[in-house]
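Written out below as structure tokens is the structure these notes cover.
Numbers here are sequence positions counted from 1.
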Amino acid sequence: MKENATSIDRRSFLGLGAAAAAAGALGLAGCTPKTSGEASLSETGASAPASDAVDWLGVEPEIAESDIVETIDTDFLIIGAGTAGLAAAGAAGDLGMNFVVCDKATQVPETREYLGGVDTSYAKANNVTIDRPKLLNELTRYASGKCNQKLIKRWIDDSAEYVDWVTEVMQEQGKEVMLDMPPAHSTGGTDYYVPYVQHLWEPSYVPPMRNDVIAERLAGQGHDILFEHEMVKLLHADGKVTGAVFSTKDGYKQVNAKNTLLATGGYAANPVMMRALQPAAVGCCTASSFNPTCTGDGIRAGLWAGASKDIDAAPMIFDRGAVAPGVDAGYEGDGENSVFRGNIFQENIGSQPFMKVNRHGQRFANESTPYDFICFAANYQPGGVWCQVYDSNMMDDMLRFETVGCSRVVPYIEMGMTFDEYTAMSQESGILMKADTLEELADMLGFVGQDKDNFLSEVEKYNGFYDNQVDEDFGKEAYRLSAIRQAPFYGCWFGGSLLTTIDGLRINENCQVLDPELNVIEGLYAAGDVSGSFFSGNYPEYIVGVACGRSSVEGRHVAKLLAGAVE
């Protein structure tokens, strides 16, 4: 095991942009519900007034028994072959369970490499100890208390065991784990708890990826994933779920199961649901980085079966959706054909805490905050976008900034990564502006008249903050301030890049799906982004890897629970 991320090869990091762009391009196609109808949020168990009725839930399809071309019987049906589903399948395979995995895609979806684990053997080897009660309450604070603390504790208590398991699986493919977190530090003008929980398998983002390895392992055990099986509905009656019906190229197939796990992801690729349930996210996003199969199928099927859903939205948004001057955030187009206007999905320099201004040339927030804070703040600014500005000392500035998580660029700079390599996508698209003077840069960025004067004055004031090492406007830390004096000067407009949604079906600490009265729906479980009860309002960025970590732990826990292997 290796500590820190300095051993990640530079080529792997630079490949992230192309991979994200490819995934986002698929996401722009938009995949939305095939059925429609009207239902108020109150009818989904979300306790909203009937006046808020929206056309996103649709009506449950009716499939005639004569239309079923094949029926399969199993003890455990896993719907979805992503992080949560494969974690469940991996455990089920090892435990000798009788199970079936179905997924609507043609292959295992893209793997997010980061995986959060608490007090793992790798952390202990580096003398890292996590304050578990503090971590539990930090995650609760992120969610404003709108969560199930017992479910969060499930991840905290069980994640080390999963990291040990998947590490052994990855070692068989020659990939080693490393603990990847910089030293804890204050940021955003306050003190966040930044624990060492993120794990990576190096070389990162180089095949085989974690989910691919687990899928191959399952195949070696004789468990093939049934791809191109799109769930149409769950089989349910009298508060009990007994399987599901799938649409396949051969026709409808029915899988009868004693227990069913929904692991179908969120609904980021469903613009109808996004507009209805996540207007704040839509209002500040310019690009997509989501899995195009995440269209909310599992959430809608669960609601049709009597489940309840989280009341409040919880998107995962990164501040990296680079766009040309004048482009607004939000969708263009209507209904299921809606797309975000930008096509750069992960321009990582957007997460660096350089000076950011609105269309009037004025700063509006502390730039040294979690990724989505600046995005949400942009909802209160013209067009929902912002402009980031820096000078030719930017690489030295970023070394000093030492950001957290996947925006952490220090190891790659130390390996010789250049600014041109780091910003290749925005440069190639012509939306990263470069000028010899600030006046020229202002013109290129679209500032005119009073807005241009505001911009030039803001730069001068910001330089004064750097000189005095005090941000008098928003309280940004001194080490995250930078001067804008040395030509050439750079600027680029940004909005949010939507990765996923993390509000979903309500579950208890055993991942059992709950009805509106919080009673267990017999035979139905949910794990990962299709499930809720963990996050609310935002993604807790400084608990790095918690999304993949909780998805994995939840999926694995369900399989172990059903096999009687939970201690």
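- Side chains of V177 and Q171 form no contact here, defined as non-hydrogen atoms less than 4.5 Å apart.
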Checklist entry - Between R320 and C406, does a side-chain contact (heavy atoms from CB on, under 4.5 Å) hold up when you go through it step by step? => result CA-CA 12 Å; R320 302 174 187 169; C406 58; 3.3 Å; yes
If you look only at distance, which donor and acceptor atoms sit under 3.5 Å apart when one is on a side chain in residues 77-101 and the other is two or more places apart or in another chain?
unit_1, atom_1, unit_2, atom_2, d
T83, OG1, N211, ND2, 3.4
D94, OD1, R217, NH1, 2.8
D94, OD1, R217, NH2, 3.4
D94, OD1, Q221, NE2, 3.1
D94, OD2, W165, NE1, 2.7
D94, OD2, R217, NH1, 3.4

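- Closest heavy-atom contact between D312 and D503: O-CB, 3.5 Å.
- For residues 264-273, no pair satisfies salt bridge (charged side-chain N to carboxylate O under 4.0 Å, His left out), with sequence neighbours left out.
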Review item, side-chain donor-acceptor pairs of residues 548-558, under 3.5 Å, at least two apart:
unit_1, atom_1, unit_2, atom_2, d
R550, NH1, G528, O, 3.3
R550, NH1, S531, OG, 3.2
R550, NH2, G528, O, 3.1
R550, NH2, D529, OD1, 3.4
S551, OG, A547, O, 3.0
S552, OG, C548, O, 2.8
E554, OE1, G528, N, 2.9
E554, OE1, S531, OG, 3.4
R556, NE, E161, OE1, 2.9
R556, NE, E161, OE2, 3.3
R556, NH2, E161, OE2, 2.8
H557, NE2, N510, OD1, 2.8

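- Residues I543 and Q198 have side chains not in contact (no heavy-atom distance under 4.5 Å, counting atoms from C-beta outward).
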Checklist entry - Under the side-chain contact (heavy atoms from CB on, under 4.5 Å) criterion, do L524 and Q512 qualify, and how do the steps go? => result CA-CA 6 Å; L524 184 61; Q512 294 171 290; over 6 Å; no
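- A salt bridge between R132 and D157 is present, with a side-chain N of the basic residue lying under 4.0 Å from a carboxylate O of the acidic one.
- Between the side chains of D164 and T120, no donor N or O sits under 3.5 Å from an acceptor N or O.
- With respect to V245, the side chain to side chain contact (heavy atoms under 4.5 Å, CB included) criterion is satisfied by exactly one of E230, K233, M231: K233.
- In this structure, the separation between CG on L562 and CG on N259 is 4.5 Å, given to the nearest 0.5 Å.
- Across all non-hydrogen atoms, the minimal contact from E60 to H236 is OE2-NE2, 2.8 Å.
- N538 and D372 share no side-chain donor-acceptor pair at under 3.5 Å.
- The shortest side-chain heavy-atom distance between R300 and W56 falls under the 4.5 Å cut-off.
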Item to check | Pair K175-T167, side-chain hydrogen bond (donor to acceptor under 3.5 Å, both in side chains): steps then yes or no | outcome: CA-CA 8 Å; K175 301 190 79 170; T167 297; over 6 Å; no
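- Checking side-chain atoms of S288 against main-chain N and O of L498 turns up no donor-acceptor pair under 3.5 Å.
- A 4.5 Å side-chain heavy-atom check between V546 and F534 finds at least one atom pair inside the cut-off.
- Between V530 and A527, the shortest heavy-atom distance links the atoms CG1-O, 3.4 Å.
- With a 4.5 Å cut-off on side-chain heavy atoms, F535 and C147 do not count as touching.
- For the 3.5 Å distance criterion, the side chains of Y371 and S407 qualify, holding a donor opposite an acceptor.
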Item to check | Audit row: K309, I299, side-chain contact (heavy atoms from CB on, under 4.5 Å) steps and yes/no | outcome: CA-CA 8 Å; K309 182 190 173 297; I299 291 174; 4.2 Å; yes
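- Nearest heavy atom pair, residue I130 against residue P195, reads CD1-CB, 3.7 Å.
- Across G283 and A329, no two heavy atoms sit closer than the pair O-CB, 3.4 Å.
- Between R341 and T286 the shortest side-chain heavy-atom distance does not fall below 4.5 Å.
- You'll find the side chain of S536 stays beyond 4.5 Å of the side chain of D310, heavy atoms only.
- Between T500 and Y267, every side-chain heavy-atom pair lies at or beyond the 4.5 Å cut-off.
- No hydrogens or angles considered: nothing links the side chains of K258 and T74 as a donor-acceptor pair under 3.5 Å.
- Looking only at atom types and distance, the side chain of S351 has a donor-acceptor partner in the side chain of D319 under 3.5 Å away.
- For the atom pair S533 OG and R506 CZ, the distance stands at 7.0 Å (nearest 0.5 Å).
- Side-chain atoms of E228 and T248 include no donor-acceptor pair closer than 3.5 Å.
- Note: F290 CZ to M316 CE = 14.0 Å, rounded to the nearest 0.5 Å.
- The line from CG of L303 to OG of S308 is 8.0 Å long, rounded to the nearest 0.5 Å.
- Every ring-ring contact (aromatic ring centres under 6.0 Å, His included) that Y331 has, sequence neighbours left out, goes to F340.
- Screening residues 516-527 for salt bridge (charged side-chain N to carboxylate O under 4.0 Å, His left out), with sequence neighbours left out, gives K240-E522.
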Quick one: side chains of residues 63-72, donor-acceptor pairs under 3.5 Å with protein atoms, not counting sequence neighbours, listed by atom name and distance.
unit_1, atom_1, unit_2, atom_2, d
E70, OE1, K253, NZ, 3.3

Item to check | Trace of the side-chain contact (heavy atoms from CB on, under 4.5 Å) decision for N148 with E509 | outcome: CA-CA 8 Å; N148 181 339; E509 63 269 26; 4.0 Å; yes
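- D334 CG to R275 CZ: the interatomic distance, rounded to the nearest 0.5 Å, is 6.5 Å.
- With rounding to the nearest 0.5 Å, the separation of CG in D212 from OG1 in T111 is 5.0 Å.
- Residues W304 and V232 approach most closely at CZ3-O, 3.7 Å, considering heavy atoms.
- Here the side chain of N270 pairs a donor or acceptor atom with the backbone of M273 at under 3.5 angstrom.
- A donor-acceptor contact closer than 3.5 angstrom is absent between the side chains of H199 and E113.
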